[in-house]
Each structure stands twice: as C-alpha cells, then as structure tokens.
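One structure is given below, encoded as structure tokens.
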Amino acid sequence: VTPHLSPTASTPRQAQAVPIVRVRGSLLVTIRGELHDRFALQLQEAITLETRHTGAHAVVLDLSQVAIIDSYITRILNDIGTSVRYMGARCFVVGIRPSVAMTLVEMGVDLQGVHTRLNLDLALAEIEEV
Amino acid sequence: MTTVGDRLGVALNGAISEITRRSVIGRLGTLAHRPVDSLSTHERDLVLGQVSVAVRLFARGDKEAVNREVAHALPTPVATSSSGERAAPAGAAQVASTIAIRGEDDVAHARGEAWTHAVRLGFSRFSAIKVATAVSELARNIVFYAGNGSVSLEARGEAGAAHLHLVARDQGPGISAQKLAALADGSYRSERGMGQGLAAVRRLADSFDLQTAPGMGTTVTCTFRGQG
C-alpha cells in the first residue's frame, strides 16, 4: 500500500489536495463531508491524470461519508466513471448511504457511468479477483 | 441597552468578515434587537445554533474558540425564570431564513441551512436529505443561470406536523415557454443540467410551483413534509 497524495494546482483559497491513495494497482479516493463543486471538478481531473500516470486498472470512490448528492454531483460521478472507462479502467462508487440512494431514485437521476458496490471491501475483493 | 446583535457583533469581530457578520446577525431577525439578558434558554440556543453554523463555514482560525467566545458573550438565562420560556413562540415558527445566493459557497451554505432547519423541525433523516438536496439543486441553478438570487426557508403549520416552505428566487434571464414545455416532457437537457435539477426538485417536493418568463426571472416555490 503506497499512500500517494496528488495535490491539485489551484488558487490558494481553494487549494485542497485530492486524496488519491494507491492500493495494489487501484486508486482509492475517500470523500469526506461536503463534496464541494470545485472539488468535484478537481477530482475528475486528478483521477483521470492519476489513472494514466499510475496505470491503475480500477478507481474506487468511497462516498460513505457524503450526506448529500444532487444531480450535479451525480453527473460529475458519471463523467468520472465514463472517462475512466474510456481509458480502460473500471470505476466503482461505494458506500452510498440508504437515504442518499432513496433520494437519487426519487429524483430520477441515474448512476450508470459507474459500478456501485455496497462497501469498499466488496469492491476491492471484486477487483482483486480479476 | 445592549442588544443581542450588538453583543454578537463584538464577539464575532475579527473572526468572520464584516459582511458575513451582518448577514448572520440579520438572519436572527427580531432576536437580534432584543436585550441580551432577555433571551430564554430556547432562544439563546437558537441564536448559538445559527451563529455556530456561520462560524463553522466562515470563521478563520480556531472555530471552537470563536464559539466559546460567542457563548460567553450571551448570558445564560436563570433557570428558574420560566416566564421567558412560555413567552417564546413555538419552535416551528422560529425556523425561517433567507440565504443570499451569489456563488458556489452560498450553495453549500444553503444546503447546510436546509439540513439544519429540517432536522430542527423534527424531519426524518430521509426527508431532511430531500430538502437539502432540493435546496442544493435550486441554489445551483441560481448560480449557473442567474448569477445571484436568494433561497428562503420557512416553517409553516403546527409544531409536530410542520412543513418547510421553500422559495428560490432570482432576477435572471428566466425560462422560455419552449424550454418549459421541453422541461415538462423531459426532453430538455441543458449543458449544465438545469432540466435535470428542476425535474429532480419537482419529484422530491410535496408541492411544486414554477413562475418564470423570459426577462422576468424565475421563482420556484415548493413545500416539504417531514415524513416519508
């Protein structure tokens, strides 16, 4: 396990390192608290660059700490998933809370761009199997 | 006579910017004009709650220290004086705020306020998330399409069965009849997803109304019940 922090270039006010951790050929990103818009865009860029840079075959986004996901964030997650897939890797979103999942269903938005799994364990087990 | 607003102004001086400070104190409404020692325990808690949200979002440096300072600045009511408690309006009536939306930080702020209000009204977790998500969508539309506007949240109805009344208003370009029709039948997809956002709010809310015309701005009014 190699902890690897990928700082993203931006103005000082929004300087926020995107915490991408390399785990056995996969990239793991744990989002804590607010998934801020600016941060979401930085995330998209950082993940695609890092996927290319490390040759990762999977990206796992852990959203178990995220309380609210709206349609904009959903679209960014789908975009991340699709761009990662275009690069030949798989993108998993794990840990979506029950109330967030129910809200997404009610809103009528989809998360077709990513693979969803109940938790990090299950996603990692599946990635290791391949 | 020192008012709650004066006292908070001093306590928050240096911790958050002048503009934010005024906005926080302004949002307290009539509570800000009351003498500091006239607050009931409940009212004092409401004030501290509102301020701590702002401190968490906007304060520089040690946020805990700022909150302690604020708590210290407002005298604790004497426990035996229950007259103040009875005089206080029902909890639901006190949940009301208007959040100016000018940029992305305000979207996050509005989302947090919506969540706080819903929880304070006794909404279920799922209902609170629905409210916060809807506020997020509407505030974001304001930032994307109008540049600025406001989101108002107000509790209505009896305590225990209260619902949240939400109004998102802007003076932006408005939405044309053609786009509205496309929105209604689900065929419209803007580049930034306004269609999806509005459709999402319509589905999340218990009632939904959209007033708009080209050049006339947009006002979305909706309500949320606490259950379900």
Side-chain angles (χ1 to χ4, degrees), chain A residues 8-16 18 31-46 62-83 93 95-114 116, chain B residues 17 53 56-58 60 101 103-116 118-119 123-145 183 186 189-206 208 222 224 228:
Chain A
T8 52
S10 62
T11 64
R13 190 168 77 93
Q14 46 187 264
Q16 185 175 17
V18 177
I31 314 290
R32 293 189 192 283
E34 287 263 328
L35 187 44
H36 210 275
D37 300 7
R38 271 193 302 266
F39 181 60
L41 286 174
Q42 289 171 12
L43 197 61
Q44 186 173 5
E45 186 182 351
D62 184 352
L63 300 190
S64 57
Q65 310 293 316
V66 176
I68 289 162
I69 299 179
D70 65 9
S71 64
Y72 178 78
I73 297 299
T74 308
R75 192 162 49 252
I76 288 182
L77 291 174
N78 279 326
D79 287 354
I80 291 174
T82 306
S83 44
V93 164
I96 289 184
R97 297 179 181 184
S99 43
V100 171
M102 285 157 66
T103 305
L104 291 176
V105 169
E106 198 155 321
M107 288 162 71
V109 298
D110 69 60
L111 264 178
Q112 303 291 333
V114 296
T116 50
Chain B
S17 73
V53 171
R56 179 160 48 80
L57 289 166
F58 300 112
R60 299 178 285 264
I101 306 295
E104 200 198 307
D105 289 336
D106 299 322
V107 176
H109 178 206
R111 199 157 49 206
E113 285 278 296
W115 168 265
T116 308
V119 168
F123 277 32
S124 71
R125 186 176 185 77
F126 177 40
S127 301
I129 286 181
K130 288 206 291 188
V131 174
T133 306
V135 165
S136 187
E137 302 283 0
L138 295 173
R140 209 190 291 285
N141 276 353
I142 290 174
V143 173
F144 281 169
Y145 298 101
L183 280 175
R189 284 285 180 272
S190 66
E191 193 183 323
R192 289 161 127 175
M194 174 180 68
Q196 205 176 17
L198 277 180
V201 174
R202 192 188 311 228
R203 296 179 65 157
L204 290 175
D206 294 304
F208 179 92
C222 47
F224 292 85

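Lettering of chains follows the sequences in order, A, B, ..., and the numbering in each one begins at 1. The structure presented is a predicted model; accordingly, all values stated were derived computationally and were not measured.
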- prompt: B:R111 and A:D70: side chain to side chain contact (heavy atoms under 4.5 Å, CB included), yes or no, with the steps?
  reply: CA-CA 10 Å; B:R111 199 157 49 206; A:D70 65 9; 4.1 Å; yes

- prompt: Any chance CD of A:E45 has more than 12 other-residue heavy atoms, nucleotides or ligands included, within less than 6.0 Å?
  reply: no

task: Could you have a look at B:R202, B:R140, B:R125 and say which one has the most heavy-atom pairs with chain A under 4.5 angstrom?
output: B:R140

statement: In short, B:T133 meets A:M107 closest at the heavy-atom pair CG2-SD, 3.6 Å

- prompt: Can any side-chain N or O of B:E137 pair as donor or acceptor with the backbone N or O of A:S71 at less than 3.5 Å?
  reply: yes

Contacting region of A:L104 [heavy-atom separation from chain B under 4.5 Å]: neither

task: For the residue pair A:R97 and B:I129, establish whether any side-chain heavy-atom pair is separated by less than 4.5 Å.
output: no

